[in-house]
Chemist: 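Here it is: the structure, laid out below.
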Amino acid sequence: MGFQHGLSGLKAASAKLDVTGNNIANANTVGFKQSQAQFADVYANALGGGRNQIGIGTQLAAVAQEFNQGNVTPTNNPLDVAITGNGFFRMDNNGTISFTRNGQFHLDKDGFLVNASNYNVTGFGADAAGTIIPNVPVNLRLPTADMTPKPTTSFMTGVNLDARVDHTDPDPDKRTFSTSGEVFDSFGNSHILSLSFEKTAASAWDVFATVEGVTSAGGGAVTLSASTLNFDSSGIMDSSITPFTVNVNFDDTSIQPLQFSLDLTRSTQFGSKFGVNMMSQDGFASGRLAGYSISDNGEVRASYTNNVTRTVGQLALAGFSNPNGLKPMGSNQWAETAESGLPLVGAPETGVLGSLQSSAVEESNVDLTTELVSLIMTQRVYQANAKTIETQDAVMQTIMNI
């Protein structure tokens, strides 16, 4: 049976060489996972076989892939994404779903996020307000158009009004403080909102508002639904005070009238100098797309030249209870099988799914040093099995010569 032993050994060594060679060939393939040839011994089925039965060689039991983490390397493409931890990107090729660890992505002509094979990257969409729509994976399409302007609907500021000011001072300039901020009309034009606070009683201040481009002479007007702030003995604003409504009619009648809430409820009256503690508003001008960024939890954010950043989607990851059960399809793609189990699709950093790093890719997890040593050892195993056949041939030749 020596021929059988040697022949099986040669086949096994040849398979090992193929696996090692494939690993070495893909040492620079992004997202590649190295394979390992697993072998099992072979015994003949025979009646009366016992402990002294001699095996008849070896066989290839499986080619298992090792899904351990590869090194993460930075790139210059903000749409390149590396997975740290468990999970696969979920790809859609005209309805055929596959999975990959290769995060080298770009936008196609229609704005869809795709890989080099033009497979669509799937994830969760976002509504106009930037809120993620979970649970239903879709092909991610990122906006490429300009952002339309948004008129201001809310203006919020908090100031400290100096409690030491004498409200009986005949000089109004000594009991008046001012600040200003930016608001936007329906065209996205910027206007300066000026606010003045004049102390009229021990704990009361009158509020005045003006907007750039609005004058009484031109027929424009700025009106407030209320105009007085009241504070208690601790310098805290009266709880009955609610945000004011500001109505603005512009001198330029082509601009739609502007109405927004003016929230001053965070203001105080303490015995310290006048100061502005916070200021914000929700309007903005139109803007051109400046770029994208992807957070650790997969949220894709678009940045615009008007300094507005909006969430436009979220990458999804898929996890498997048995990744080794996945079927390799080439092009860094795997397909689910009965052995892999169903994919558990979710957002990164949820459950057992890993996190993402943008402007980076996961390198192949092939260790070249280990593979080259394995190559040498496999070569020696091949030679040894060939020697087994040679020796068996010599034994049979001796028998034939008797």
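In this text the structure is predicted, and so the values were computed from the model without any measurement.
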Chemist: Specify the closest pair of heavy atoms between Arg101 and Gly31, including all atoms of both residues, with the distance to one decimal.
Modeler: CB-O, 3.8 Å
Chemist: Taking the side chain as every heavy atom from C-beta outward, state whether Leu315 and Leu356 have any pair of such atoms under 4.5 Å apart.
Modeler: yes
Chemist: How many angstroms lie between atom CG of Asn102 and atom CG of Asn115, to the nearest 0.5 angstrom?
Modeler: 7.0 Å
Chemist: Please report the shortest heavy-atom distance between Ser196 and Ser178, naming the atom on each side.
Modeler: OG-OG, 3.2 Å
Chemist: Less than 3.5 Å apart, any donor N or O on the side chain of His191 or Asp185 sitting next to an acceptor on the other?
Modeler: yes
Chemist: Taking all non-hydrogen atoms of both residues, which atom of Ala347 and which atom of Gln314 are closest, and how far apart?
Modeler: CB-NE2, 3.5 Å
Chemist: Donor-acceptor pair, distance only, cut-off 3.5 Å: does the side chain of Thr20 make one with the backbone of Lys16?
Modeler: yes
Chemist: Less than 4.5 Å apart, any side-chain heavy atom of Glu198 and any of Pro172?
Modeler: yes
Chemist: Would you check if there is a donor-acceptor pair between the side chains of Asn332 and Thr100 at a distance under 3.5 Å?
Modeler: no
Chemist: Taking all non-hydrogen atoms of both residues, which atom of Val366 and which atom of Glu371 are closest, and how far apart?
Modeler: CG1-CG, 3.7 Å
Chemist: Return yes when atom CD of Gln36 has more than 12 non-hydrogen atoms of other residues, nucleotides or ligands closer than 6.0 Å, and no otherwise.
Modeler: yes
Chemist: With side chain to side chain contact (heavy atoms under 4.5 Å, CB included) as the test, would you mind laying out the steps for Val159 and Thr268 before giving the verdict?
Modeler: CA-CA 6 Å; Val159 300; Thr268 57; over 6 Å; no
Chemist: Supply the atom-to-atom distance Leu161 CG to Phe197 CZ, rounded to the nearest 0.5 angstrom.
Modeler: 6.0 Å
Chemist: Please work out which of the three classes, parallel, tilted or perpendicular, describes the rings of Phe99 and Phe88, given edges at 30° and 60°.
Modeler: perpendicular
Chemist: Report the distance from atom CZ of Arg380 to atom CG of Leu375, rounding to the nearest 0.5 Å.
Modeler: 10.5 Å
Chemist: So, Phe89 versus Phe105, ring centres under 6.0 angstrom or not?
Modeler: yes
Chemist: Does Thr58 use its side chain to pair, donor to acceptor, with the backbone of Ala40 at less than 3.5 Å?
Modeler: yes
Chemist: Within the distance-only criterion (no hydrogens, no angle test), does the side chain of Gln69 pair as donor or acceptor with the backbone N or O of Gly85 below 3.5 angstrom?
Modeler: yes
Chemist: Checking Asp206 against Thr228 for the side-chain hydrogen bond (donor to acceptor under 3.5 Å, both in side chains) test, could you report, in this order, the C-alpha distance in whole Å, the side-chain angles of both residues, the deciding distance, and whether it holds?
Modeler: CA-CA 4 Å; Asp206 283 350; Thr228 303; 3.2 Å; yes
Chemist: Pair up each side-chain donor or acceptor in residues 130-145 with any protein partner under 3.5 Å, not counting sequence neighbours, and list the distances.
Modeler:
unit_1, atom_1, unit_2, atom_2, d
Arg141, NE, Asp110, O, 2.8
Arg141, NH2, Asp110, O, 3.2

Chemist: Verify side-chain hydrogen bond (donor to acceptor under 3.5 Å, both in side chains) between Thr265 and Asp263, making sure each step is shown before the conclusion.
Modeler: CA-CA 6 Å; Thr265 57; Asp263 190 343; 2.5 Å; yes
Chemist: Measuring from atom CZ of Phe184 to atom CG of Asn189, what distance do you get when rounded to the nearest 0.5 angstrom?
Modeler: 9.5 Å
Chemist: For a quick test of reading the model, state the closest non-hydrogen atom pair linking Gly325 to Ser340 and the distance between them.
Modeler: C-CB, 3.6 Å
Chemist: Short question: side chain of Thr337, backbone of Glu339 - any donor-acceptor pair under 3.5 Å?
Modeler: yes
Chemist: Side chains of Met279 and Met156: closer than 4.5 Å at any heavy-atom pair?
Modeler: no
Chemist: Within the supplied structure, the quantity of interest is the number of heavy atoms (other residues, nucleotides, ligands) at a distance under 6.0 Å from Met278 CE; does it exceed 12?
Modeler: yes
Chemist: Quick one: do the Asp80 and Gln104 side chains pair a donor with an acceptor below 3.5 Å?
Modeler: no
Chemist: Is any side-chain heavy atom of Ser117 less than 4.5 Å from a side-chain heavy atom of Ser331?
Modeler: yes
Chemist: For the side chain of Asn322 and the backbone of Gly341, is there at least one donor-acceptor N/O pair under 3.5 Å apart?
Modeler: no
Chemist: Are there more than 12 heavy atoms of other residues, nucleotides or ligands under 6.0 Å from atom NZ of Lys150?
Modeler: yes
Chemist: Between Asp18 and Asn22, do the side chains contain an N or O donor and an N or O acceptor separated by less than 3.5 Å?
Modeler: no
Chemist: Salt bridge (charged side-chain N to carboxylate O under 4.0 Å, His left out), that's the test. Do Asp162 and Lys273 meet it? Break it down for me.
Modeler: CA-CA 5 Å; Asp162 195 341; Lys273 291 183 178 180; over 6 Å; no
Chemist: How many angstroms lie between OG in Ser98 and NZ in Lys327, if you round to the nearest 0.5 Å?
Modeler: 12.0 Å
Chemist: For a 4.5 angstrom cut-off between non-hydrogen side-chain atoms, does Ile236 reach Phe270?
Modeler: yes
Chemist: From Ile294 CD1 over to Asn297 CG, what is the distance, rounded to the nearest 0.5 angstrom?
Modeler: 11.0 Å
Chemist: Using the rule side chain to side chain donor-acceptor pair (under 3.5 Å), only one of Glu66, Glu362, Gln65 pairs with Lys33; which is it?
Modeler: Glu362
Chemist: Keeping Asp238 on the side-chain end and Ile241 on the backbone end, is there a donor-acceptor pair under 3.5 Å?
Modeler: no
Chemist: Can a donor-acceptor pair be found, under 3.5 Å and without considering hydrogens, that links the side chain of Asp282 to the backbone of Ser154?
Modeler: yes
Chemist: side-chain hydrogen bond (donor to acceptor under 3.5 Å, both in side chains) for Ser267 and Asn160? Distances and angles first, verdict last.
Modeler: CA-CA 6 Å; Ser267 298; Asn160 179 66; over 6 Å; no
Chemist: Is there a donor-acceptor pair under 3.5 Å between the side chain of Asn306 and the backbone N or O of Ala285?
Modeler: yes
Chemist: Just by distance, do the side chain of Ser8 and the backbone of His5 share a donor-acceptor pair under 3.5 Å?
Modeler: yes
Chemist: Is the closest side-chain heavy-atom distance between Thr223 and Thr245 below 4.5 Å?
Modeler: no
Chemist: Does any part of the side chain of Glu336, heavy atoms only, come nearer than 4.5 Å to the side chain of Leu342, both counted from C-beta?
Modeler: yes
Chemist: Does Gly346 offer a backbone N or O that forms a donor-acceptor pair with the side chain of Thr350 under 3.5 Å?
Modeler: no
Chemist: Between Asn249 and Val214, is any pair of side-chain heavy atoms under 4.5 Å apart?
Modeler: no
Chemist: Can you name the closest pair of heavy atoms from Asn86 and Ile83 and give their distance?
Modeler: O-CG2, 3.9 Å
Chemist: After noting the C-alpha distance and the side-chain angles of Asn365 and Gln34, does the key distance pass the side-chain hydrogen bond (donor to acceptor under 3.5 Å, both in side chains) rule?
Modeler: CA-CA 6 Å; Asn365 66 351; Gln34 68 179 4; 5.1 Å; no
